[in-house]
Protein chains: 2
Amino acid sequence: MGAGRVPLRYFLLGLLAQEPMSGYDIKQFLKQLGWLIGSPSCGSLYPALRALLKDGLATVDTTQSKGKPLRKVYTLTAAGKQALHRWLGLPATSFTLKDFAMRLLLANHLAPAQVIHHLRQRRADVADHQEHIERAIEVTGTTGSSGRRFALDYALALARAELAWLDGTLSALVRESSRSVVETAV
Amino acid sequence: MGAGRVPLRYFLLGLLAQEPMSGYDIKQFLKQLGWLIGSPSCGSLYPALRALLKDGLATVDTTQSKGKPLRKVYTLTAAGKQALHRWLGLPATSFTLKDFAMRLLLANHLAPAQVIHHLRQRRADVADHQEHIERAIEVTGTTGSSGRRFALDYALALARAELAWLDGTLSALVRESSRSVVETAV
DNA sequence: GCCCGCATGTAAGACGTTACATGATTAC
DNA sequence: GTAATCATGTAACGTCTTACATGCGGGC
């Protein structure tokens, strides 16, 4: 696989699981999330959708509204849902920001415990990264180019912000899930 | 060009401008910056270095320390420096996080005014993105999947943090550069 | 004896981007 | 009439990743 990255098709599985969509719908939906994940180009999106079809992970429903171009709405099959859950559930080796964002967006397909698990893993990764940067800053001191200091400072600021968000979200989730456990118990 | 992305070779130009390095050195240096930019794989790094050679943008100096494998230290030529400045100076269409980080790391090759300009441009981009996300959050309200809410919230937190860093850094830079202008005037 | 760090390199393949092509409708 | 939106698709291209190959030296 091209990288440790999430190939588009896995992500599409997740989007289609929310609700059947056409290629165009998917582009609009992602555009509307701005940068975080980014909108795939036609050249990758449409072939990826057809690949799902070919692998039996989705079915199409072509509709032709009057005066509109034809739309091909894709729906996940049982096999598709299975593939999605295989992907979401499994190891999830340290993901990049974009990969993490993709999984986050698909959080509602996971049990709360799994969401918490993913967030904790990301937390550990980011904490690692932060430490790494802090060490690099210590080592550098005032030596090194100004660019290097800028970059390290920038990296540190972003890492800290992400950690703060993760901690806040995690504690909210944990509180919520423990409450629901209590409710269930009562 | 594969994407709006910075191909490795431009970035290498910037790294070699700081000081002559071997491929291995470059990997170590970037690893040490952690995630921000990421360390390129051998398969992209070594060919990219030889491409610089081929284009006359760098020269090699092969050294063989006793008992060590041979090292090929690359040095920029005048043409290489020119190419770097062409790249750094020019339009710089809206860059992704990674592209921006690359340029940031190379900030010391730019005049302070240019650095400020790049930061302002990034600021504008991030502010746009933030607004975009805020609108999306308003529109969604409590509808939409929990994953979507998570992702939007996450995106917003990161955008805010980046804006804060940019504002802080910009004001420091502007203060500094105006002081030096005053000093020059005096 | 084995694995890790140093150090460079190649080949095959995956992935995605740009740019182009098509075509109807709606709004200015 | 000219542009933008809806909507799908193809072809060429570039870039990067993985996995492999090579080889010496030092630490356990």
Side-chain angles (χ1 to χ4, degrees), chain A residues 1-13 20-32 35 37-55 58 60-74 87 93-96 98-99 102, chain B residues 1-13 20-32 35 37-55 58 60-74 87 93-96 98-99 102:
Chain A
M1 264 171 229
R5 300 168 61 193
V6 177
L8 186 54
R9 63 169 156 283
Y10 287 106
F11 185 49
L12 291 183
L13 245 31
M21 292 167 120
S22 69
Y24 193 82
D25 291 339
I26 289 172
K27 277 185 55 168
Q28 294 313 107
F29 178 75
L30 290 180
K31 227 175 237 161
Q32 172 242 211
W35 268 357
I37 287 158
S39 200
S41 62
C42 300
S44 59
L45 181 55
Y46 291 113
L49 283 171
R50 253 167 310 140
L52 294 185
L53 232 57
K54 198 197 68 188
D55 295 344
V60 226
D61 195 11
T62 307
T63 61
Q64 169 85 280
S65 308
K66 47 161 198 292
K68 286 266 183 75
L70 82 172
R71 302 180 81 239
K72 293 176 140 190
V73 176
Y74 292 82
W87 173 58
T93 61
S94 147
F95 19 50
T96 64
K98 193 169 153 185
D99 295 355
M102 284 183 176
Chain B
M1 265 172 228
R5 301 170 61 192
V6 177
L8 186 53
R9 63 169 156 283
Y10 287 106
F11 185 49
L12 291 183
L13 245 31
M21 292 168 121
S22 69
Y24 194 80
D25 291 339
I26 289 172
K27 276 184 53 169
Q28 293 314 108
F29 177 75
L30 290 180
K31 228 175 235 163
Q32 172 243 207
W35 270 356
I37 287 159
S39 201
S41 63
C42 300
S44 59
L45 181 55
Y46 292 114
L49 284 171
R50 253 167 312 140
L52 294 186
L53 232 57
K54 198 198 67 188
D55 295 343
V60 227
D61 195 11
T62 308
T63 62
Q64 169 86 278
S65 307
K66 46 164 200 291
K68 287 266 184 72
L70 81 172
R71 302 181 83 238
K72 294 175 139 189
V73 176
Y74 292 82
W87 174 58
T93 59
S94 149
F95 19 52
T96 64
K98 193 170 153 184
D99 295 354
M102 285 183 175

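We name chains A, B, ... by the order of the sequence lines, and we start the count at 1 in each one.
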Rounded to whole angstrom units, what separation is found between the [atom1] atom of [X] and the [atom2] atom of [N]?
X     : N      : atom1 : atom2 : value
B:D25 : C:dG5  : CG    : C1'   : 14 Å
A:M21 : D:dA7  : CE    : C1'   : 15 Å
A:L45 : D:dA7  : CG    : C1'   : 11 Å
B:K27 : C:dG5  : NZ    : C1'   : 12 Å
A:D99 : D:dT17 : CG    : P     : 13 Å
B:F29 : C:dC6  : CZ    : C1'   : 19 Å
B:Y46 : C:dT8  : OH    : C1'   : 5 Å
B:L70 : D:dT22 : CG    : P     : 17 Å

*Heavy atoms under 4.0 Å, any strand shown: does B:G43 hit a base, just sugar-phosphate, or nothing?*
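Base contact - B:G43 has a heavy atom under 4.0 Å of at least one base atom.
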
So, OP1 or OP2 of [N]: does either fall under 4.0 Å of a side-chain N or O from [X]?
X     : N      : answer
B:S44 : D:dT17 : yes
A:R9  : C:dA14 : no
A:R71 : C:dA24 : no
A:K72 : D:dG9  : yes

Counting side-chain heavy atoms from CB outward, which of [options] is closest to [X]?
X     : options               : result
A:L8  : C:dG9, C:dG16, D:dG9  : C:dG16
B:R50 : D:dT17, C:dG9, D:dG9  : C:dG9
B:P7  : D:dG9, D:dT15, C:dG9  : D:dT15
A:S41 : C:dG9, C:dG16, C:dT10 : C:dG16
B:Q28 : C:dC6, D:dC6, C:dT8   : C:dC6

*Of the options B:K27, B:R71, B:Q28, which is the one that meets B:S22 in a side chain to side chain donor-acceptor pair (under 3.5 Å)?*
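Only one option passes, and that is B:R71.
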
[atom1]/[X] to [atom2]/[Y] distance, rounded to the nearest 0.5 angstrom?
X      : Y     : atom1 : atom2 : answer
B:K54  : B:L49 : NZ    : CG    : 13.5 Å
B:I37  : B:K98 : CD1   : NZ    : 8.5 Å
B:M102 : B:L30 : CE    : CG    : 8.0 Å

*Between B:Y74 and B:I26, is any pair of side-chain heavy atoms under 4.5 Å apart?*
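Heavy-atom side-chain distance check fails, nothing below 4.5 Å.
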
